[in-house]
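Since we're looking at a predicted model, the values are computed, not measured. Note: hydrogens, waters and symmetry copies are ignored here, and every other heavy atom, side chains too, is used. Chain letters run A, B, ... following the sequence lines, proteins first and then strands; every chain starts at 1.
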Protein chains: 2
Amino acid sequence: MPARTPLDADIILAATEEILRRHGPDKATVVDVARALGVSHAAVYKHFASKQALREAVTRRWLDRTRDTLAVIAADRAVPPAQRLRAWLHAVLAGKQAKIREAPELFAAYGILAAAHSTVATDHVADLLGQLTAIIADGAADGGFRTGDAEATARAVFHATVRFHHLAHAGEWQNPGIDTDLDDVCSLLLEGLQAPASP
Amino acid sequence: MPARTPLDADIILAATEEILRRHGPDKATVVDVARALGVSHAAVYKHFASKQALREAVTRRWLDRTRDTLAVIAADRAVPPAQRLRAWLHAVLAGKQAKIREAPELFAAYGILAAAHSTVATDHVADLLGQLTAIIADGAADGGFRTGDAEATARAVFHATVRFHHLAHAGEWQNPGIDTDLDDVCSLLLEGLQAPASP
DNA sequence: CTGGTTACAAATATCAAGTTCTGTAACTTG
DNA sequence: CAAGTTACAGAACTTGATATTTGTAACCAG
């Protein structure tokens with residue numbers, strides 16, 4: 001019996017996200033997703049080539065929402081670049097803390113994906129690096145940042161703040177001192193970026 | 001039949017390290033260690049309270065050797081603090097790369113220990129932080145570092161270089177660009193430390 | 001021919017059995 | 001009694017039979 005509901009990619013993604021949220025990434029099967037939609041599991045394979053592809057699509061959608069939120073902060077010319085950099089880095093951390101709190105299962109799914117070397121993870125990092133580069137380029141233009149290559153500098157800042165955004169350190173984000181720690185690293189980096197001249 | 005060999009803690013530790021090296025941390029049992037020494041496994045328990053304690057003792061010995069090597073670099077007053085800081089951070093990375101290359105099984109054992117929240121890991125970090133603090137204190141005294149609290153600054157530097165010493169990032173230490181990456185972060189941090197005045 | 005179905009092979013996961021390992025205790029010997 | 005032994009209970013690991021899941025193919029309705 002066909003034509004119960006139309007069943008397109010979006011509906012499948014929403015259902016998958018729900019199943020993932022409920023069952024967690026290890027126990028969520030595509031049979032579960034199909035059952036939730038009232039179709040056979042082969043039907044979802046008409047829309048997604050593999051379980052891996054389905055997982056990636058869900059995670060990508062989820063990460064893109066984060067990216068868009070952060071983009072607003074990164075592009076806000078009203079805030080001076082130094083302050084904006086600090087705010088952006090704190091927002092990255094706060095966003096991930098919120099994700100863990102609200103959807104630990106989805107967060108775990110992202111971890112599995114990252115470990116599997118999916119492009120979803122590297123693409124997301126590239127997006128964030130782009131935003132960081134924009135902030136630093138702004139700072140070089142009018143905020144007193146002394147930097148030749150904004151992209152290389154962005155990479156260095158990203159590497160120096162790995163503890164505050166890389167999944168491997170998610171456990172430390174619960175520490176009460178984590179925001180102070182980030183502030184301290186920010187201060188050190190901003191000092192370096194804003195230094196009038198190098199010896 | 002007693003009194004074949006004396007059997008003290010050191011002999012057991014050496015045998016354990018050998019077994020660990022050969023079998024890896026998951027497959028190495030205390031029965032294996034005892035067999036290698038030609039005694040019953042209960043004999044080992046006369047010297048170490050538990051398998052966990054035995055593993056910790058082996059790892060602690062191993063890490064202490066690293067600590068001592070790095071201490072030489074940290075304490076070398078002949079090298080100016082800025083350069084010494086850079087050299088020390090590179091030595092930390094190089095040391096871990098060498099460990100992975102030469103004794104991946106022992107390295108894995110350390111990872112298991114760290115995950116189990118053993119004090120061995122936190123003690124080692126404390127040791128390294130102490131060395132870093134000493135370098136920065138030297139820099140504050142005579143190397144042109146502008147820092148109020150050497151210990152807090154050391155912590156910030158340690159956090160900012162997490163990618164280059166935390167086990168979670170061991171996979172990235174194979175990347176060809178890793179040394180350049182560390183250099184770039186070092187430069188940024190040193191710029192911050194040496195900045196003549198903050199805005 | 002789009003959007004679904006059922007049916008099936010291969011890869012994976014689960015579970016209950018037997019086995020090995022950890023840790024303790026009671027025992028032996030110089 | 002120091003330095004070991006054997007013996008044993010419970011926890012943790014194999015192992016292999018069974019069940020689920022993934023992914024594909026051949027088939028059907030509008």
Rounded to the nearest angstrom, tell me the gap between atom [atom1] in [X] and atom [atom2] in [N].
X       : N      : atom1 : atom2 : result
B:Leu37 : D:dG4  : CG    : P     : 10 Å
A:His47 : C:dG4  : NE2   : C1'   : 9 Å
A:Phe48 : C:dG4  : CZ    : P     : 12 Å
B:Asp26 : D:dA12 : CG    : P     : 15 Å

Distance-only criterion, 3.5 Å: show the donor-acceptor pairs between side-chain atoms of residues 98-106 of chain A and protein atoms not counting sequence neighbours.
unit_1, atom_1, unit_2, atom_2, d
A:Lys99, NZ, A:Thr66, OG1, 2.3

Where protein sits on nucleotides 20-27 of chain D, one letter per nucleotide: B base, S sugar-phosphate only, - none, heavy atoms under 4.0 Å | -SBBB---
Please name all residues satisfying side chain to side chain donor-acceptor pair (under 3.5 Å) with A:Arg163, sequence neighbours left out, ordered by chain then number.
->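 Residues passing side chain to side chain donor-acceptor pair (under 3.5 Å) with A:Arg163: A:Glu172, A:Asp181, B:His159.
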Contacts of A:Thr29 meeting side chain to side chain donor-acceptor pair (under 3.5 Å) (sequence neighbours excluded), chain-then-number -> A:Asp32
Could you pull out every donor-acceptor pair under 3.5 Å between side chains of residues 123-131 of chain A and any protein atom, sequence neighbours left out?
unit_1, atom_1, unit_2, atom_2, d
A:Asp123, OD2, A:Arg60, NH1, 3.2
A:Gln131, OE1, A:Ala71, N, 3.4
A:Gln131, OE1, A:Trp88, NE1, 2.9
A:Gln131, NE2, A:Arg67, O, 3.0

Residue set satisfying ring-ring contact (aromatic ring centres under 6.0 Å, His included) with A:Phe158, at least two apart, ordered chain then number -> A:His165
Between OH of A:Tyr110 and CG of A:Leu63, what distance do you get to the nearest 0.5 Å?
-> 5.5 Å
